[in-house]
Amino acid sequence: MADDIFLTPEEQDERARKWLKDNGPALAIGIVLGLGAIFGYEQYKESKLSSAEQASALYDAALSEVNDSSLSDIDAQVKELKENHASSSYAAKAALLNAKKLAVSDLDAAYTELQWVVDNAPEFGLQHTARIRQAKIKVAQGDLAGAKVLASFTPTQGFESNYSEILAEINAKQGNFDIAREQYQKAIDTLPSASAGYSQLLTLKMDRLPAPEAKASAATESKVDVEPTIVESDDSE
């Protein structure tokens, strides 16, 4: 209060003792709760850090195995990551590695592993990567309709070029060359600046498509032109 400055030292001490008596228990509880929150949060941070370090170590171990041999066994690391660190990006990345290994001999198993990433990855980028690889598996299996459904996913969230490239390949296999050409061009136009060099490969794929003129010419040559037969009447009689 403003009139505290006019109190004698004894009166100020008495007021302080009374305030502590009235508010001391609440103050003590507040301090305890505050310290508990601080230390609890610190424990939480340490726990999260420890979990992240464990997940990172497991992923590094799996990555090292893959680097040593593309057919190496990383099942143990992937299983532990998926069971104990499912919400971490390391688990999703490890599953992507495992799917790549599985795709060598079992496309269905690889597809299932990629679906785990789609369902559990905490980052949209990892989900899109898995979905795009699923579409490629469908193409490899000849399921172009299924591949087109996956490649038509929205929102693309920065992966529009990747989806457009898949759609171009699907339409090219279906003989829809005009649409394929449009999709390749879209893939080039939406390519991130960091991947600008990839546009040369996309351009090459687009240039390999049958040219519209050639297709029209082939269609024309396939027709047989038959001149109508004119029968003249004989009026001499």
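Along the sequence shown, residues are numbered consecutively beginning with 1.
Linking ILVMFWY residues whenever their side-chain heavy atoms come closer than 4.5 Å, directly or via other members, leaves F159 and I188 in distinct clusters. Cluster annotation: L202 is connected to L209 through the hydrophobic network of ILVMFWY side chains, with a link wherever side-chain heavy atoms come within less than 4.5 Å. One hydrophobic cluster, built from ILVMFWY side chains closer than 4.5 Å, holds both L114 and L150. No single ILVMFWY cluster, assembled from side-chain heavy atoms under 4.5 Å apart, contains both L81 and L126. Hydrophobic cluster membership differs between Y184 and V139, with clusters built from Ile, Leu, Val, Met, Phe, Trp and Tyr side chains linked at under 4.5 angstrom.
The salt bridge (Lys or Arg N to Asp or Glu O under 4.0 Å) with D143 is formed by just one residue from the set K136, K173, K138; it is K138.
Closest approach of A151 and A135 over heavy atoms only: N-CB, 4.4 Å. The shortest heavy-atom contact between F177 and A172 is CE2-O, 3.5 Å. Taking each heavy atom of A99 and A110 in turn, the nearest pair found is O-CB, 3.4 Å. Closest non-hydrogen pair, A95 versus V117, comes out as CB-CG2, 3.5 Å.
Atom OG of S199 and atom CD of Q185 lie 10.0 Å apart (nearest 0.5 Å). Here CD of Q134 is found 8.5 Å from OG1 of T112. Values are rounded to the nearest 0.5 Å. In this structure, CG in D207 is found 11.5 Å from CD in Q200, a value given to the nearest 0.5 Å. With values rounded to the nearest 0.5 angstrom, E165 atom CD is found 9.0 Å from L191 atom CG. Rounding to the nearest 0.5 Å gives a distance of 11.5 Å between CD of E169 and OG of S164. Here CD of E160 is found 10.0 Å from CG of L167. Values are rounded to the nearest 0.5 Å.
S89 is listed as a side-chain neighbour of P122, based on a closest heavy-atom distance under 4.5 Å. Inter-residue side-chain proximity for T190 and T156 is flagged as unmet; no heavy-atom pair is nearer than 4.5 Å. Side chains of R133 and L96 form a contact here, defined as non-hydrogen atoms less than 4.5 Å apart. Side-chain contact check for Q141 versus L107: some heavy-atom pair is nearer than 4.5 Å.
The existence of a salt bridge linking D178 and R181 is confirmed by a sub-4.0 Å separation between a basic side-chain nitrogen and an acidic carboxylate oxygen. Looking at E113 and K101, no side-chain N of the basic residue comes within less than 4.0 Å of a carboxylate O on the acidic one, giving no salt bridge.
Between the side chain of N98 and the backbone N or O of A94 there is no donor-acceptor pair closer than 3.5 Å. Between the S152 side chain and the K148 main chain, a donor and an acceptor come within less than 3.5 Å of each other. Between the N120 side chain and the W116 main chain, a donor and an acceptor come within less than 3.5 Å of each other.
In this structure, F153 and Y163 have tilted ring planes: the angle between them lies in the 30° to 60° band.
More than 12 heavy atoms of other residues, nucleotides or ligands sit less than 6.0 Å from atom CD of E83.
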